[in-house]
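Contents: one structure, followed by commentary.
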Amino acid sequence: MKLTLFALFATAALSLAADHPDTTGWKDLLAPDLSNTVAPGKWELKDGILVARDHDTLWTKDSYGDFILDLEFKVEKESNSGVFLRSGNIKDVLSALEIQVHDSADGSKYGMVAAIYDAMPPSKSMAKPVGEWNHFTITCKGPMVSVVFNGEEVINANLDNWPEVGKNPDGTPNKFKKALKDFARSGPIGFQGLHGKAQAPVYYRNLKIKVLE
């Protein structure tokens, strides 16, 4: 029985191979001139590549509830950024889930690239080397959040499993002032600007979104 249970848990912890979607016909998340974002500041979208030139987060004007967001990113050495989902308050980054984007583990499994920041690590490291393009497909539907990272599903989270403030399901603490179960289920999408000691940029491209009915 113990061996059987161990096998089940081990299987559940493995990443699952997953295809990234064909985004033909999907909506561009961002307008070429960033006119559908809130105060784009020094962010640039040039030749299809989005990059920050300062610390400010770039937020969409529109709110999104259930959706699939598909994008590519590449990092420079010591880059640190993130994709914010369904923000409840764009003036407080801790009111949104953040999918980590950088080239290091931030010294913690909860800071690994593709982690839900401070809440859930990816089941497997799938990051490509610095300077190579990576692929995310992020799906939000009700309480469910999944991340397919370079062809592997590395996050499959049910936010209802975070019913306590400041605490993850495995008992570890987190920084959030609200239980993830109670986070907004609709809100703007954001991209974190230059962050960390190196202030090194992250590059994004092919940002496509499909709203789910």
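Residue numbers start at 1 and run along the sequence shown.
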Practice task
Decide whether a cation-pi geometry holds between R205 and W133; the criteria are a distance under 6.0 Å from NZ or CZ to the six-membered ring centre and an angle within 45° of the ring axis.
Solution key: yes
Exercise for the section: Applying side chain to side chain donor-acceptor pair (under 3.5 Å) between K208 and each of D28, T137, D70, report the one that passes. Expected result: D28
Problem - Donor-acceptor pair, side chain of W43 and main chain of T57, under 3.5 angstrom - result: no
Problem - Euclidean distance, S81 OG relative to Q192 CD, rounded to 0.5 Å - result: 5.5 Å
Exercise for the section: Would you check if H195 and H55 make a side-chain contact, meaning some heavy-atom pair closer than 4.5 Å? Expected result: yes
Fill in the blank from the handout: Tightest non-hydrogen contact, residues P201 and A52, listed as CB-O, 4.4 Å
Exercise for the section: Kindly say whether M126 contributes a backbone atom to a donor-acceptor pair with the side chain of N150 at under 3.5 angstrom? Expected result: yes
Completion exercise
Heavy-atom closest pair (K178 atom, F183 atom, distance to 0.1 Å) is O-CE1, 3.4 Å
Problem - Side chains of N156 and E153 in contact at under 4.5 Å (non-hydrogen atoms) - result: yes
Exercise for the section: Verify the cluster assignment for I155 and I68: are they in a single hydrophobic cluster under the rule of side-chain heavy atoms below 4.5 Å apart? Expected result: no
Handout entry: Distance-only polar pair, side chains of S35 and D33, donor-acceptor under 3.5 Å
Key = yes
Exercise for the section: State plainly whether the residues K210 and D66 are in salt-bridge range, i.e. N to O under 4.0 Å. Expected result: no
Exercise for the section: Answer yes or no: is there a side-chain heavy-atom contact under 4.5 Å between E72 and Y203? Expected result: no
Handout entry: salt bridge (Lys or Arg N to Asp or Glu O under 4.0 Å) assessment of E78 paired with K197
Key = CA-CA 8 Å; E78 298 185 24; K197 293 180 181 179; over 6 Å; no
Exercise for the section: Verify the cluster assignment for L94 and V145: are they in a single hydrophobic cluster under the rule of side-chain heavy atoms below 4.5 Å apart? Expected result: yes
Practice task
Spell out, yes or no, whether V93 and V165 are grouped together once hydrophobic residues are joined by side-chain heavy atoms under 4.5 Å, including indirect joins.
Solution key: no
Handout entry: Contact check, side chains of F67 and K141, non-hydrogen atoms, under 4.5 Å
Key = no
Problem - D103 side chain near V113 side chain, heavy-atom distance below 4.5 Å - result: no
Handout entry: Side chain S95, main chain N89, donor-acceptor under 3.5 Å
Key = yes
Problem - Nearest-0.5 Å distance, CE of residue M112 to OH of residue Y117 - result: 15.0 Å
Practice task
Could you please spell out the steps behind the side-chain contact (heavy atoms from CB on, under 4.5 Å) verdict for Y110 and N168?
Solution key: CA-CA 11 Å; Y110 293 103; N168 295 318; 4.1 Å; yes
Practice task
Could you tell me whether D160 and R185 have a side-chain N and a carboxylate O separated by less than 4.0 Å?
Solution key: yes
Practice task
Evaluate the side-chain proximity of L207 to W26: yes if any heavy-atom separation is below 4.5 Å, no if none is.
Solution key: no
Practice task
Could you tell me how the ring of H135 sits relative to the ring of H20: parallel (under 30°), tilted (30 to 60°) or perpendicular (over 60°)?
Solution key: parallel
Exercise for the section: Let me see the working for L97 and F84 under side-chain contact (heavy atoms from CB on, under 4.5 Å), right down to the final yes or no. Expected result: CA-CA 6 Å; L97 296 180; F84 294 109; over 6 Å; no
Practice task
Is it possible for you to say whether I99 and L212 belong to one hydrophobic cluster, with membership spreading through side-chain heavy-atom contacts below 4.5 Å?
Solution key: no
Handout entry: Taking every non-hydrogen atom, the tightest pair across F73 and V202
Key = CB-CG1, 4.3 Å
Problem - Side chains of L71 and V83 in contact at under 4.5 Å (non-hydrogen atoms) - result: yes
Exercise for the section: Following the transitive rule for hydrophobic clusters with a side-chain heavy-atom cut-off under 4.5 Å over Ile, Leu, Val, Met, Phe, Trp and Tyr, establish whether W162 and F176 coincide in one cluster. Expected result: yes
Handout entry: Over all atoms of both residues, closest heavy-atom pair of G196 and Q199
Key = O-NE2, 2.8 Å
Problem - 4.5 Å side-chain heavy-atom contact, L30 and L50 - result: yes
Exercise for the section: In sequence, state the C-alpha distance, the side-chain angles, and the governing distance for I189 and L29, and then conclude on side-chain contact (heavy atoms from CB on, under 4.5 Å). Expected result: CA-CA 9 Å; I189 291 171; L29 180 69; 4.2 Å; yes
Handout entry: Nearest heavy atoms of I116 and A157, plus distance in Å
Key = CD1-CB, 4.0 Å
Handout entry: Spacing of T37 atom OG1 and F191 atom CZ [to the nearest 0.5 Å]
Key = 10.5 Å
Handout entry: Reported CE-to-CG distance for the pair M120 and L180, which is rounded to 0.5 angstrom
Key = 11.0 Å
Handout entry: Derivation and outcome, side-chain contact (heavy atoms from CB on, under 4.5 Å), residues V101 and Y204
Key = CA-CA 10 Å; V101 175; Y204 296 94; 3.9 Å; yes
Problem - Nearest atoms (heavy-atom pairs only) where L45 meets A31 - result: CD2-O, 3.5 Å
Handout entry: Carboxylate-amine/guanidinium proximity below 4.0 Å for R53 and E44
Key = yes
Handout entry: Enclosure of D19 CG (heavy-atom neighbours >12, cutoff 6.0 Å)
Key = no
Practice task
To the nearest 0.5 angstrom, please state how far the CG atom of N174 sits from the CD atom of E164.
Solution key: 10.0 Å
Exercise for the section: Please determine if D62 and K27 form a salt bridge, counting it only when a charged side-chain N lies under 4.0 Å from a carboxylate O. Expected result: yes
Fill in the blank from the handout: So CG of L85 and OG of S186: to nearest 0.5 Å the spacing works out to 11.5 Å
